[in-house]
Amino acid sequence: MTSPKAPPIMGFMPELPEVETIRRGLERHLPGRRIRRAEVRAPQLVTHPDWESFVIGLAGRTFGKPRRVGKILFLDLDSGTLLVHLGMTGQLLFQDSAQTAPGNAVGGEQDPHAHILLHHVDGTCLCYRDIRKFGKWRLYTTREALTCPELAGLGPDPLTPDFALEGFASALKRTTRHIKAVLLDQSVVAGMGNIYVDETLHRCGLRPTRRANKLSARDVRRLFEAIPDVLKEALERGGTTFSDYRDAEGNRGQNGPALRVYGRYGQPCLECGQELRRTTVAGRTSSWCAKCQK
DNA sequence: ACCTCGACCTGGGCGC
DNA sequence: TGCGCCCAGGTCGAGG
């Protein structure tokens with residue numbers, strides 16, 4: 001009688017739509033701002049160069065237009081580029097001078113999850129919060145950023161023309177891995193995480209355990225088309241917010257209620273009513289419908 | 001080539 | 001009330 005119930009989902013996973021939402025917010029605020037001082041409260045987040053050089057290197061730099069590839073943000077500077085990966089719980093918040101003191105929680109005490117603060121000369125601040133500290137910050141020279149290892153290991157971004165059916169199909173053809181594992185693999189397609197992989201597979205009627213090389217050409221094409229569709233629809237809603245996720249301007253995303261399967265195991269499939277199953281695939285909790293997904 | 005597992009983290013749920 | 005266990009997961013590295 002006890003059907004599995006999904007636990008309440010805490011935090012959020014910044015996948016492509018969430019990162020792009022943040023990038024768009026930053027694009028409205030960052031270009032032209034000059035960094036006065038970088039404050040690093042959690043040095044382990046800065047892995048290149050060492051955090052002291054990171055702090056020194058950022059002083060006096062001016063932001064250009066932020067870019068994104070997959071889940072990675074590139075904050076270009078007049079000299080050099082900041083690479084930011086939000087991990088699982090990272091947030092980038094732009095704070096203007098009228099708000100609460102940067103990095104402080106309401107009430108005045110220091111926000112324990114504010115780990116990196118870029119204080120600008122005009123009094124505004126870019127505040128990085130990350131409850132689980134899985135995020136990564138790096139400061140590259142402009143040249144290094146072009147060939148950095150994070151970029152080198154990345155497949156095409158599905159919202160760009162780089163994402164092409166031919167390359168996608170051949171990547172699937174040459175592996176026997178579960179299709180879910182392949183879609184999570186950032187070197188095949190950059191930007192999908194557990195949420196949107198589950199959503200995409202449900203939309204295409206494919207079980208997460210299907211072998212990638214066994215998919216028909218028709219299924220591969222449907223997947224290829226569904227991936228950007230699912231991501232764009234989530235992006236139009238400002239991304240998925242579970243509890244405390246905020247975009248760069250502190251807004252919540254509206255995609256949560258639009259999720260069809262993610263986190264809904266134990267509840268009825270919205271297509272057929274059958275109870276959604278839960279299985280571990282590629283080491284991740286997966287929700288799927290045994291009736292709709294073959 | 002692919003899989004699993006542990007590590008990195010924290011907070012919320014839940015059993016006792 | 002409270003403690004401790006388990007889980008969530010992006011990514012990487014180690015070991016099978």
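Here the structure is a predicted model, which is why all the values come from computation and not from measurement.
- A:Gln91 has its CD atom 13 Å from the P atom of B:dG11, to the nearest Å.
- Summarising the geometry, the separation between CZ on A:Arg211 and C1' on B:dA1 is reported as 12 Å, rounded to the nearest angstrom.
- Panel note: side chain A:Gln186, backbone A:Leu184; a donor-acceptor pair is recorded below 3.5 Å.
- A:Arg278 has its CZ atom 8 Å from the C1' atom of C:dC7, to the nearest Å.
- With B:dC2, C:dA8, C:dT11 as the candidates, the nucleotide lying closest to the side chain of A:His85 is C:dT11.
- Regarding A:Asp130, its CG atom lies at a distance of 10 Å from the P atom of B:dT10, rounded to whole Å.
- When heavy atoms are screened at a 4.0 angstrom cut-off, A:Lys136 is found touching no nucleic acid atom at all.
- With rounding to whole Å, A:Leu86 atom CG is found 11 Å from C:dG10 atom C1'.
- In summary, of the residues considered (A:Asp185, A:Leu183, A:Leu172), a side-chain contact (heavy atoms from CB on, under 4.5 Å) with A:Arg177 occurs for A:Asp185 alone.
- A:Asp78 contributes a side-chain N or O that, together with a main-chain N or O of A:Thr62, makes up a donor-acceptor pair within less than 3.5 Å.
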For nucleotides 6-9 of chain B, give me every protein contact, N/O to N/O, under 3.5 Å, one pair per line with atom names.
unit_1: B:dC9; atom_1: OP1; unit_2: A:Gln44; atom_2: NE2; d: 3.3
unit_1: B:dC9; atom_1: O4'; unit_2: A:Arg132; atom_2: O; d: 3.4

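- Aromatic ring orientation, A:His29 versus A:Phe94: parallel (interplanar angle below 30°, classes split at 30° and 60°).
- The same ILVMFWY cluster, assembled from side-chain heavy atoms under 4.5 Å apart, contains both A:Leu159 and A:Ile227.
- Of the side-chain N and O atoms in A:Tyr196, none sit less than 4.0 angstrom from OP1 or OP2 of C:dG10.
- In this model, the phosphate group of B:dA1 is not approached by any side-chain N or O of A:Thr175 to a distance below 4.0 Å at OP1 or OP2.
- Under a hydrophobic clustering in which Ile, Leu, Val, Met, Phe, Trp and Tyr are joined whenever their side-chain heavy atoms come within less than 4.5 Å, directly or via other members, A:Leu86 and A:Phe74 fall into different clusters.
- Here B:dG13 sits opposite C:dC5 as a Watson-Crick or G-U wobble pair (both hydrogen-bonding atom distances under 3.5 Å).
- In this structure, the NZ atom of A:Lys71 is 9 Å from the C1' atom of C:dT11, given to the nearest Å.
- Side-chain contact between A:Arg34 and A:His120 is absent, with no heavy-atom pair separated by less than 4.5 Å.
- Comparing C:dG10, B:dG11, B:dC2 by their closest approach to the side chain of A:Thr176 singles out B:dC2.
- A:Arg177 comes within 4.0 angstrom of sugar-phosphate atoms only, judged by non-hydrogen atoms across all strands, and of no base.
- Atom P of nucleotide C:dG10 and atom CG of A:Leu73 are separated by 16 Å, given to the nearest angstrom.
- Spacing between atom CG of A:Leu184 and atom C1' of B:dC3 amounts to 14 Å, rounded to whole angstrom units.
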